[in-house]
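Scroll down for the structure; my scribbles are underneath it.
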Amino acid sequence: DEEGEVVIDMPVGSYASSDAGESLAYDTAVGSEKFYNLKIYDLLGNGFAGRFVVFEDAIQSDEKVLVMEPGFTGVSGTSVSHGFYVGDSPDRHLTLEFVFDDYADEVAYEMKNDDDGTIFALAWFETFPADTVSKSTTIPIYSPERGDQHYTLRLWDDSNDGICCSRGEGGYQL
C-alpha cells in the first residue's frame, strides 16, 4: 500500500516454465479508501509475456478491474509498478475523456507519475472495441499529503495516423 506495507509477496523463482499458459489466482483482502501499489519484477529484465489483473472483488469482470498489466518488454527494465485505489472517494483524481476516431482498438495510453515511475492508468491496444465511440475514465492519483506531484500522459496510435482526422474525428481531454 502507499505506506509501504506488503500485502502479498511472491519471491523470485515462485513460477516455473511449467506455469506458462496457466491462470494463477491469489485472493487477499485489503482496506478500502487507500492507495496500493502492484510491483511486478522481471529478474532477467527481458520482459514478461503474461498478464496481471487486480479486481475490485471476487467477481472477475471488466467492470471490476482496478489494474491490468498486459505484459511488458525488456524496455521496462526489471520491474513495472502500478498504483491503484481501493474505494469510492480518492482525495484527488483526473478524468480522461476520449472521443475515438473510427478505430478505437488502435489507441493505447498510460498515465505515469514522473516522480516515482508508478503507472496509474494503462490501456493497451485492443482494450477498446473498434466501434467504441467514446470513453471517460476516472484516474485516482496521489493525495495532497505527498506534496506536488508530476504526471505524464502518453498516447499511442497503432496505425501512426493519429486519432483525428483522416479516419474520424477523435480527440481527448484531461
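Given the structure is predicted, the values throughout are model-derived calculations rather than measurements.
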Practice problem: Indicate whether any N or O donor in one side chain lies under 3.5 Å from an N or O acceptor in the other, for T118 and N113. | Solution: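 No, N113 and T118 have no side-chain donor paired with an acceptor closer than 3.5 Å.
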
Quiz item: Going by atom types only, do T152 and D114 share a side-chain donor-acceptor pair under 3.5 Å?
Solution: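 Yes, side-chain donor-acceptor contact under 3.5 Å.
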
Quiz item: Just wondering, are more than 12 heavy atoms of other shown residues or ligands nearer than 6.0 Å to CG in D88?
Solution: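 Count not over threshold, so no.
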
Practice problem: Answer yes or no: does atom CD of E97 have more than 12 heavy-atom neighbours from other residues, nucleotides or ligands under 6.0 Å? | Solution: yes

Quiz prompt | Stepwise salt bridge (Lys or Arg N to Asp or Glu O under 4.0 Å) check, D91 with R146 | solution = CA-CA 11 Å; D91 289 338; R146 284 196 164 215; over 6 Å; no

Shortest non-hydrogen contact between [X] and [Y], atoms and distance:
X: P140; Y: T138; answer: CD-O, 3.6 Å
X: D101; Y: G162; answer: OD2-O, 3.3 Å
X: R92; Y: Y142; answer: CD-O, 3.4 Å
X: K34; Y: G31; answer: CB-O, 4.3 Å
X: S81; Y: N37; answer: OG-OD1, 2.7 Å
X: T78; Y: G45; answer: CG2-CA, 4.0 Å

Donor-acceptor pairs are to be reported for all side-chain atoms of residues 167-174 against protein atoms at under 3.5 Å, with residues two or more places apart or in another chain.
residue, atom, partner, partner atom, Å
R167, NE, D161, OD2, 3.4
R167, NH1, D161, OD2, 2.7
R167, NH2, E106, OE1, 3.3
R167, NH2, E106, OE2, 3.1

Is there a continuous path of hydrophobic side-chain contacts, each under 4.5 Å between heavy atoms, that joins [X] to [Y]?
X: F35; Y: I119; answer: no
X: I163; Y: V99; answer: no
X: V107; Y: W124; answer: no
X: V54; Y: V86; answer: yes

Practice problem: Calculate, to the nearest 0.5 Å, the distance between atoms OG and CG belonging to S79 and D42 respectively. | Solution: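 Going from the OG atom of S79 to the CG atom of D42 covers 9.0 Å.
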
Practice problem: First locate atom CD of E126, then atom CG of D158, and finally report the distance between them rounded to the nearest 0.5 Å. | Solution: 8.0 Å

Quiz item: So Y26 and F52, ring pair (Phe, Tyr, Trp, His ring centres under 6.0 Å) or not? Walk me through it.
Solution: CA-CA 11 Å; Y26 303 94; F52 275 87; 8.6 Å; no

Self-check item: For Y109, the option from F125, W156, F98, F100 that meets ring-ring contact (aromatic ring centres under 6.0 Å, His included)
Solution: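 When ring-ring contact (aromatic ring centres under 6.0 Å, His included) is applied between Y109 and each of F125, W156, F98, F100, only F98 qualifies.
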
Quiz item: Does V65 have any side chain to side chain contact (heavy atoms under 4.5 Å, CB included) partners at least two apart in sequence or in another chain, and if so, which?
Solution: V53, F55, M68

Exercise. I would like to know whether H93 and I141 meet side-chain contact (heavy atoms from CB on, under 4.5 Å); could you show each step before the answer?
Key: CA-CA 5 Å; H93 69 273; I141 58 173; 5.5 Å; no

Self-check item: Derivation and outcome, side-chain contact (heavy atoms from CB on, under 4.5 Å), residues F128 and K135
Solution: CA-CA 9 Å; F128 308 106; K135 176 72 175 169; 3.6 Å; yes

